[in-house]
Structure formats: C-alpha cells, structure tokens
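First up is the structure itself, then whatever we jot down about it.
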Amino acid sequence: MASVVLSEAEKLYIIHGVQEDLRVDGRGCEDYRCAEVETDVVSNTSGSARVKLGHTDILVGVKAEMGTPKLEKPDEGYLEFFVDCSANATPEFEGRGGEELGTEIASTLYRIFSSEGSVDLKSLCINPREHCWVLYVDVLLLECGGNLFDAISIAVKAALFNTRIPKVRVLEDEEGSKEIELSDDPYDCIRLNVDDVPCIVTLNKIGYRHVVDATLQEEACCLASLLIAITSKGALTCMKKIGKGSLDPESIFEMMETGKKVGKSLHASLQKVLDEEESLGTTRQKVGFLG
Amino acid sequence: MAALELLSDEGYRADGRRATELRKVRARMGVFAQADGSAYIEQGNTKALAVVYGPHETRGPRSKALSERAVLNCQYSMATFSTAERKRRPHGDRKSAEMALHLKQTFEAAVLTELYPRSQIDLYVQILQADGSNYCACVNAATLAIIDAGIALRDFVCAGSAGLAEDAALADLSYIEEAAGGPQAALAMLPGSGAMALVQMDARLHHERLEAVMDAAAAACRAVHAVLEEAVRERAREVTALLGE
C-alpha cells in the first residue's frame with residue numbers, strides 16, 4: 001500500500017477519536033466517504049466503471065473475448081482478473097513495484113468470485129467444450145487513498161453491470177463443422193446478472209473499536225483488518241484477516257455483524273445509482289475525468 | 001479487402017474530418033489531489049492521463065543524482081483495456097521503454113532542470129484509451145501536469161501528428177489512419193519559439209512532401225497550444241477563486 005508517515009501524536013489522536021466514534025474527517029465508525037460511481041467511461045471495452053471513494057480512484061475495464069472453456073467446467077465461461085497498480089498512485093509502484101500488491105488484490109478477487117452463483121457462468125457458454133466467453137476484468141489503480149479492496153469490488157460490480165456481450169449464433173452445416181456468427185445489430189447483446197456479485201467490506205481494528213472505509217492515515221494506525229465479501233442479500237461469501245496484529249474471536253463476530261449491515265446498505269445504494277444511470281440511457285452526460 | 005480510403009474525393013477522412021482538421025481536444029488539470037501535478041486530456045477517442053511527482057530527493061542510489069540539474073524519470077504505460085485487442089502487459093515492453101525515452105528527451109528540452117539540482121522529477125503517463133496519436137496526447141497531458149505541479153518550464157510543449165494521403169497532408173491521425181501504413185510524423189514543439197523538441201517520422205516519404213507534412217504537424221501543435229493555454233487559464237481562475245481572491 002502507499003505509505004504515509006505519521007507521528008506518534010497523530011496516531012494517538014486518531015485512536016482516541018475512534019474510541020469516541022469520531023473520526024478525523026467527522027465521520028462515524030460505520031460511515032463511508034462520499035463515493036462517485038460512473039459506468040461506460042472507456043468506449044472500446046465491453047463494460048467499464050470508474051469509482052472515486054475519497055482520494056481512492058479506480059478504473060475497471062471488462063473485455064469479453066472468445067476462448068475455450070476450462071476442462072473441469074466444459075459448459076461455463078470464466079472470468080480473469082488483472083490488477084495494475086500504476087505509478088500514478090505513488091512513485092513506489094513504478095516499474096515492478098506495484099506487482100506484489102496487484103497480485104494480492106487479484107488473488108482476493110479470484111477467491112471471491114470462485115464461489116458458486118456469484119456470476120452466472122453458464123450464460124457465458126457458447127458451445128460446450130469448444131467456445132465460451134472469457135471476461136477479462138482489468139483493474140487500474142489510479143490513486144491510493146486507503147480502502148482499496150472496497151473501492152475495487154464496487155468498481156468491478158459496476159463494470160460487470162455495464163458489460164454488454166454481443167449475441168452469437170452457432171451455425172452448423174452438413175459436415176458438422178460449426179461456425180460462429182456475430183449478430184449484426186451492435187445493440188443486440190446479453191447483460192450479466194449482478195444481483196449476487198459480492199462486495200468487499202474492510203473493517204479495520206483501531207484501539208477497541210473497528211472502522212469501515214479507513215483512510216491511509218487510519219490504516220497506518222490499525223494493526224489488523226478483516227475483509228469480508230457480502231452479497232446484496234447479506235450472505236457472507238468470503239472472509240480474510242490481514243495485518244500484523246491478531247484479533248480475538250468476539251471482535252471477529254462483532255466486525256462480521258457490522259460488515260453485514262454496512263454491506264447490505266452499500267449494495268442498496270450502489271444498485272440505486274446503477275439503475276438511475278441505466279434509466280437515463282443515451283441521454284446521460286458522460287463526465288469521466290473531465291468533471 | 002478494399003483498401004481504406006484515407007481521403008475521399010470530396011475531401012473527407014474516414015471519421016468525417018477535413019484534411020487539416022484536428023479531433024476535439026478537451027483537457028483538465030488537477031485531476032488527482034495526492035499527486036504534485038496531474039492532468040487529463042482527450043483528443044478525439046484517445047485519452048491520456050499524466051501525473052507528476054516532484055521535484056523530490058532522488059530515490060534509489062545517491063550516485064544517480066546530478067549535481068547541477070534534476071533527473072527526469074518517465075514511465076509510459078498503456079492500460080490493458082486501452083487498445084481494441086487486450087494488451088497483456090501495461091508497461092515493461094520495448095515500445096513502452098522507447099516511448100518513455102522519447103518523453104524524457106522531449107521534456108528535458110523544456111523543463112528548467114538547472115533550477116532543481118540533485119533532485120528527481122517523476123513523470124508517469126497512462127493511456128486509458130488508444131485511438132492514434134498516443135505520443136502526442138501524452139506530451140500534451142504531461143505539459144499540463146508539469147505546469148500543475150508548479151515546475152518551471154521554458155514554454156509549453158505541444159505535440160501533433162501528421163500523415164500523407166495521396167497529395168494532401170492529414171493532421172492529427174487516428175488509429176485507422178496510422179494503421180494504414182502511410183508516412184506519419186510526430187512533432188513536439190515549443191510554440192513560442194517554434195523550436196522542435198522531438199521529430200519522428202516513419203515509413204517512406206519523398207523529400208518534396210516533407211515540408212507539407214511538417215507544416216501540417218506544426219499547425220496541429222499550434223492549434224493544441226491554444227487549447228492547453230485555455231486549460232491553464234481556467235485552472236488558474238479556479239485556484240484563485242478557491243483561495244478567495
């Protein structure tokens with residue numbers, strides 16, 4: 001992660017504030033920062049989204065390409081994740097500096113999406129054992145302001161919601177060889193159902209309490225964090241503890257309960273924003289980075 | 001497959017522009033709060049983001065620091081979803097290294113590095129969407145980012161590309177026009193003096209046509225200069241308004 005240098009006095013200030021449910025920017029322990037979500041920012045992708053959560057800026061592009069299904073799942077397509085921690089976020093990520101963090105985030109995303117039912121992979125199949133859609137989800141980390149996992153999972157969900165996969169027909173001729181025909185109409189496409197796509201909620205333990213959506217400074221004061229992946233219905237799909245310190249079992253249960261509550265409201269607000277954007281359709285003004 | 005007609009009989013290019021017409025340029029400075037300087041530029045469908053960190057102490061071995069001027073460190077990176085075909089590695093390949101060297105050469109001509117001895121200026125450029133004239137978009141975005149960071153420059157550095165179709169010089173090439181394989185030139189220029197920081201030309205070009213192509217590129221640079229200058233003024237107005245002047 002991008003590092004920030006804090007003095008002992010600043011750390012104490014943050015820790016004492018959190019005990020009183022008052023964070024440096026005035027939020028409560030369970031409040032998210034103001035988030036901006038916009039989809040369809042990059043035009044030569046099948047779907048894209050940009051999420052700005054405080055000073056954290058993430059851009060996700062989804063490209064749908066045709067490939068062969070995996071041997072153990074012949075009638076399903078699959079997702080491939082790639083996370084690029086660009087040097088824009090901090091000079092430490094120059095060259096290969098951002099690879100370690102990138103692989104950590106990518107492996108977490110793989111774990112979350114490996115659970116059955118998060119994305120309907122059977123709808124990505126074209127021809128069992130021969131052709132399927134492979135969705136390459138590429139995450140670009142532009143600015144690092146704390147709470148990367150949450151922002152990335154929100155962006156991935158928004159980008160998958162925005163993804164439009166062209167409809168294909170399989171034509172079989174007399175010899176039995178199959179030909180794939182792409183539909184002529186560019187608006188004729190299939191959309192993914194993202195109702196069960198989980199979002200990550202990171203809970204950081206600071207002192208005796210835990211906070212949601214930590215800034216870089218707060219992350220520097222916390223010893224241990226719990227990452228949980230929650231679906232919109234409140235089901236927990238994945239859990240991971242990160243950090244040098246240790247957590248006792250009561251804390252973990254408390255954090256899980258908070259995470260579920262926060263996660264459900266996060267999904268509700270995200271879905272509202274995505275539906276609003278969808279309802280505006282082509283009349284929507286695309287702002288992107290120019291706003 | 002029929003060859004792509006770069007310039008139709010009526011004088012229109014593949015995307016409907018005239019031969020000397022540029023694509024729509026929109027720029028914005030100060031996109032990221034945490035970086036020292038940042039800027040975003042859109043030239044048609046090409047989107048580039050530039051971020052500057054510095055001047056700061058040289059990272060890494062002390063021997064890299066120069067005693068009489070600053071070291072300029074550049075990185076050029078293309079997002080994996082920026083091209084029509086997915087790109088596997090964002091940076092680290094030969095093309096990115098070459099582009100980074102070009103950017104370094106271009107900006108060492110413009111930045112007053114003697115004012116910042118023993119320090120390092122980092123310039124990171126990211127292409128979010130590639131639709132031709134990538135180098136030019138990078139240079140334009142980088143100029144704005146350096147100005148946003150408050151680093152001293154001799155002059156704006158504006159870049160434009162130009163090509164040739166039959167006898168007419170085309171300004172500001174898009175990806176289709178670049179891929180057609182004709183001669184193409186990229187030019188980075190300091191508009192005040194007309195001095196050229198970088199000139200690059202690919203494919204065969206008859207020397208009689210060279211002047212026309214160079215002039216088209218220089219005209220593209222000057223046109224972009226007007227937009228960049230307006231972006232800087234707009235930013236200055238924003239910042240002074242925020243300061244409460």
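Worth knowing before you read on, the calculation uses all heavy atoms, side chains too, and leaves out hydrogens, waters and symmetry mates. Proteins come first, then strands; the chains are lettered A, B, ... in the order of their sequence lines, and each starts at number 1. Being a predicted model, the structure only gives us computed values, none of them experimental.
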Is [X] in contact with chain A via its backbone, its side chain, both, or neither, using a 4.5 Å heavy-atom distance?
X: A27(B); result: backbone
X: F32(B); result: both
X: N73(B); result: side chain
X: S96(B); result: neither

Measure the [atom1]-[atom2] distance between [X] and [Y] for me, rounded to the nearest 0.5 Å.
X: R86(B); Y: T45(A); atom1: CZ; atom2: OG1; value: 12.5 Å
X: F82(A); Y: K87(B); atom1: CZ; atom2: NZ; value: 10.0 Å
X: D57(A); Y: S38(B); atom1: CG; atom2: OG; value: 10.0 Å
X: K47(B); Y: N44(A); atom1: NZ; atom2: CG; value: 8.5 Å
X: N88(A); Y: D122(B); atom1: CG; atom2: CG; value: 11.5 Å
X: C144(A); Y: Q34(B); atom1: SG; atom2: CD; value: 7.0 Å

Query - chain B contact via S43(A) - side chain, backbone, both or neither, heavy atoms under 4.5 Å - result: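 Looking at S43(A), backbone and side chain both touch chain B.
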Query raised in the report: chain B heavy atoms under 4.5 Å from D84(A): which part of the residue, side chain, backbone, both or neither?
Result: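 For D84(A), side-chain heavy atoms alone lie under 4.5 Å from chain B.
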Grab the two heavy atoms, one from [X] and one from [Y], that are nearest each other, plus how far apart they are.
X: V42(A); Y: L128(B); value: CG1-O, 3.8 Å
X: H55(A); Y: A33(B); value: CE1-CB, 3.3 Å
X: Y124(B); Y: A87(A); value: CD1-O, 3.4 Å
X: S86(A); Y: Q126(B); value: CB-OE1, 3.4 Å
X: E85(B); Y: K63(A); value: C-CE, 4.5 Å
X: Y53(B); Y: A89(A); value: OH-O, 2.8 Å

Query raised in the report: Given the options V60(A), L290(A), L142(A), V41(A), which has more heavy-atom pairs under 4.5 Å with chain B than any of the others?
Result: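 That would be L290(A).
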Would you indicate whether [X], at its atom [atom1], is surrounded by more than 12 heavy atoms from other residues, nucleotides or ligands within a distance under 6.0 Å?
X: Y78(A); atom1: OH; answer: yes
X: E278(A); atom1: CD; answer: yes
X: Y12(B); atom1: OH; answer: no

Requested in this report: Over 60° means perpendicular and under 30° means parallel, so classify the ring planes of Y40(B) and F289(A), tilted if in between.
Outcome: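 F289(A) vs Y40(B) ring planes: tilted.
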